[in-house]
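What you see below is based on every heavy atom in this structure, not just the backbone, and it leaves out hydrogens, waters and symmetry mates. Lettering of chains follows the sequences in order, A, B, ..., and the numbering in each one begins at 1.
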Protein chains: 2
Amino acid sequence: MRRMSRSPTTPPTLEDVARVAGVSRATVSRVINGTRNVDRKIQEVVRAAIDQTGYAPNRAARSLVTKRAGTIALVVSGAGEPGDEDAFAARVFSDPFFGRVASGVLGFLRTRGVHPVLMVADTEAAREDVLSFLRQGSADGALLVSTHAEDPLPARLVEAELPAVLFARPARPVPISYVDLDHQAGAKLAADHLVGRGCTQVATIAGPLDVPASQDRLTGFRDAMARHGFPYVPIAEGGFTSGSGEAAMERLLAEHPGIDGVFAANDLMAQGALMVLHKHRRLVPEEVALVGFDDSSPALACRPRLTTVRQPVEDMAAGMSRLLLDHVEEPGLRPRSVIFEPALVVRDSA
Amino acid sequence: MRRMSRSPTTPPTLEDVARVAGVSRATVSRVINGTRNVDRKIQEVVRAAIDQTGYAPNRAARSLVTKRAGTIALVVSGAGEPGDEDAFAARVFSDPFFGRVASGVLGFLRTRGVHPVLMVADTEAAREDVLSFLRQGSADGALLVSTHAEDPLPARLVEAELPAVLFARPARPVPISYVDLDHQAGAKLAADHLVGRGCTQVATIAGPLDVPASQDRLTGFRDAMARHGFPYVPIAEGGFTSGSGEAAMERLLAEHPGIDGVFAANDLMAQGALMVLHKHRRLVPEEVALVGFDDSSPALACRPRLTTVRQPVEDMAAGMSRLLLDHVEEPGLRPRSVIFEPALVVRDSA
DNA sequence: GTGAAAGCGCTAACAT
DNA sequence: ATGTTAGCGCTTTCAC
């Protein structure tokens, strides 16, 4: 009987391939997984049979026995605004920073045949979903990019003994692996540059102060300025968005009209600040020098292009992924952290 | 013997729950899946047992029998630049447009307990990976956002009879479902608005002309302008990036210094155009009116804020997801298309 | 309404 | 070097 290539047929299984090749299932399994030695001749026969049948191993069946899903969860967690369930996702996915994280994660994972499942944990229900997704074995571990300090997810992950790695040091101490940047060093780079070009009235637009990264950038900046002989640095707090950067810059200008240098804790806020500066007819960098943080796409889209502190987000994301796969392979592994170094990228705004 | 709650233990299975509850596996399965009638009393006992054991159903085992993965692939396909494997991912993930797609997809999928696996198909190997991921049953179908015209993936998906839905009409006809926007209507909105405010020398910055959406926006714009009595519309082609928008605006200004209105085929290019206009000291909207397309985040971040044609990307992404789940549930379903309507959002740039 | 039992497709001992 | 076989944890007839 001729087998039609048109479908309603069930897909071929190992059994089918074995029959066609005239060997046992085990042998076929071996050539597919490259485990053990299999005779050259036989390997060829099996491969031919695989091509002929169009066989593709069933993942569920494989996972069932190997206890590996071959996927990990890429979780963005934060506080969803009650009422508008999707606002959080919308905001985070439109942030170029997250795009870089995703890109770095994918770039590394694709070399290991692992795939990321995108999840948003902005409500208690969503957090439960993440946890159960992992407990079900749907993913072998979680990569967590947390956007707010009180996030309970890291602790829950640890408690459930699920492999997980964070993008940044958690706000409250939790025995969990993470990658991070030396934010203080980055802020120092900005301070040195601003002072180096002669600024004497320098202010800063800080990120949300409940986030450790914001804290560190602020502390690092203040310390460095103090060492340069400037004990007082005016600050305005923003929320890492362009709009909040605008508002912060307005406040700064109103209270300290003589400002000649600004360090914004990320590029998005710097972008906002730039527009306000322009509106007030302050020439950048001639009258006010501006340094951003991150070196994300807005830094290049701005005019003048932003001088900024580069955060190697893609590398960090790749490192985070590698760390996670280590934890997946070796469940006992102790928490580990990897800190990356920032670099100053001098462009036109300072 | 006391069972320690500390782990190296294997996770509880249906069997364990059944034993604790004093019923059969089948019954536990029934209360979990809400299938069939199960006695009230027994339901309670079972639920208690589930809580007590901390049971979570194993997805691989379930998938093996239901033949459903409970995940779908969200694939971004395009041409990767040879040499820099990750550049494509970096570019697409930093595009706010993609963020909106992801957000819309997630928003819908979370209501159905389905999770998206993020994939990039920028090389032949990556395309094969997508195909085999689906054939393996790792995902039940694919959502495809294609960024270039010659993408072979849609046809391959159809050929393999894998459930798939595209974000936009494919460049060459393929019997596949998709959602799309009425781009021509959107372009007409822009033309009408520009003419309505008195512009008489209007040009357009088009998207890459091998992409159907770009073609449609251009055609729609020209047609509408022609109907308003303007048979000739200067055009400059861009690549949907801010930088390409700048370059296009420069060319337009050089060749047609008298321009008083511009329609950019997306907001990113409009943003670039705005900076060039500003550099050339052309007041927007007083001297040159500018209309963008998409209504994505740059539209609000610009100064002046962009008047633009809104594309309901999140709704479209949700619609695409719904369509896919339909196809997954009913394999025989014929290809279907859903076209969304654009709307003009008037802000400050025109 | 509930239980018993037969697989789903695969890998990994264990035999040979 | 290859084959045999016993499950992995679940859903789903089929009896009762």
J.: Can you see which heavy atom on A/Ala69 is nearest to which on A/Gly137, and at what distance?
T.: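 Between these two residues, the closest heavy atoms are CB-O, 3.3 Å.
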J.: If the condition is salt bridge (charged side-chain N to carboxylate O under 4.0 Å, His left out), which residues does B/Glu124 pass it with, not counting sequence neighbours?
T.: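 B/Arg127, B/Arg156.
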J.: Please report the distance, rounded to the nearest Å, between CG in A/Leu14 and P in D/dG7.
T.: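 Atom-to-atom, A/Leu14 to D/dG7, this comes out as 19 Å.
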J.: Could you list the residues that satisfy side chain to side chain donor-acceptor pair (under 3.5 Å) with B/Ser77, not counting sequence neighbours?
T.: B/Ser146, B/Asp151
J.: Under 3.5 Å, side chain of A/Gln43 to main-chain N/O of A/Val38, donor-acceptor pair present?
T.: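 It does hold such a pair.
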J.: Look only at the side chain of B/Thr27 and the backbone of B/Val23, and say whether a donor-acceptor pair between them is shorter than 3.5 Å.
T.: no
J.: May I ask you to say whether A/Arg112 pairs ionically with A/Glu329, meaning some side-chain N is under 4.0 Å from a carboxylate O?
T.: yes
J.: What is the distance, rounded to the nearest whole Å, between atom CD1 of B/Ile32 and atom C1' of D/dC10?
T.: 10 Å
J.: Which sits closer to the 5' end of DNA chain C, A/Asn33 or B/Ile42, going by the nucleotide each is nearest to?
T.: B/Ile42
J.: Near DNA chain C, counting only heavy atoms under 4.0 Å, which residues of residues 55-67 of chain B show up?
T.: B/Leu64, B/Val65, B/Lys67
J.: Please answer whether the main-chain N or O of A/Ala317 pairs with a side-chain N or O of A/Ser321 as donor and acceptor at a distance below 3.5 Å.
T.: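 Answer holds: yes.
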J.: Decide side-chain contact (heavy atoms from CB on, under 4.5 Å) for A/Asp326 and A/Leu333; before the verdict, give the C-alpha distance in whole Å, the side-chain angles of both, and the deciding distance to 0.1 Å.
T.: CA-CA 8 Å; A/Asp326 288 349; A/Leu333 229 53; 3.9 Å; yes
J.: Please report the end-to-end axis angle for the helix from C/dG1-D/dC16 to C/dT16-D/dA1, five pairs per end, rounded to 10 degrees.
T.: 30°
J.: Considering only heavy atoms of chain A and a distance under 4.0 Å, specify the first and last nucleotide of DNA chain C in 5' to 3' order that meet this criterion.
T.: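 Counting from the 5' end, contacts occupy C/dG9 to C/dA13.
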J.: Would you jot down, in residue-number order, the residues of residues 20-30 of chain A having a non-hydrogen atom under 4.0 Å from DNA chain D?
T.: A/Val23, A/Ser24, A/Arg25, A/Ala26, A/Thr27, A/Arg30
J.: Are B/Glu161 and B/Arg135 within salt-bridge range, i.e. N to O under 4.0 Å?
T.: no
J.: For the backbone of A/Val114 and the side chain of A/Thr71, can you confirm whether one donor and one acceptor N or O come within less than 3.5 Å of each other?
T.: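 Not confirmed, A/Thr71 side chain does not pair with A/Val114 backbone.
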J.: Would the distance check show the side chain of B/Ser63 and the main-chain N or O of B/Arg59 forming a donor-acceptor pair, the cut-off being under 3.5 Å?
T.: yes
J.: Judged by modelled atom types alone, do A/His115 and B/Ser138 share a side-chain donor-acceptor pair under 3.5 Å?
T.: no
J.: Test salt bridge (charged side-chain N to carboxylate O under 4.0 Å, His left out) on B/Arg110 and A/Asp122 and set out the steps.
T.: CA-CA 12 Å; B/Arg110 62 159 50 181; A/Asp122 53 349; 3.2 Å; yes
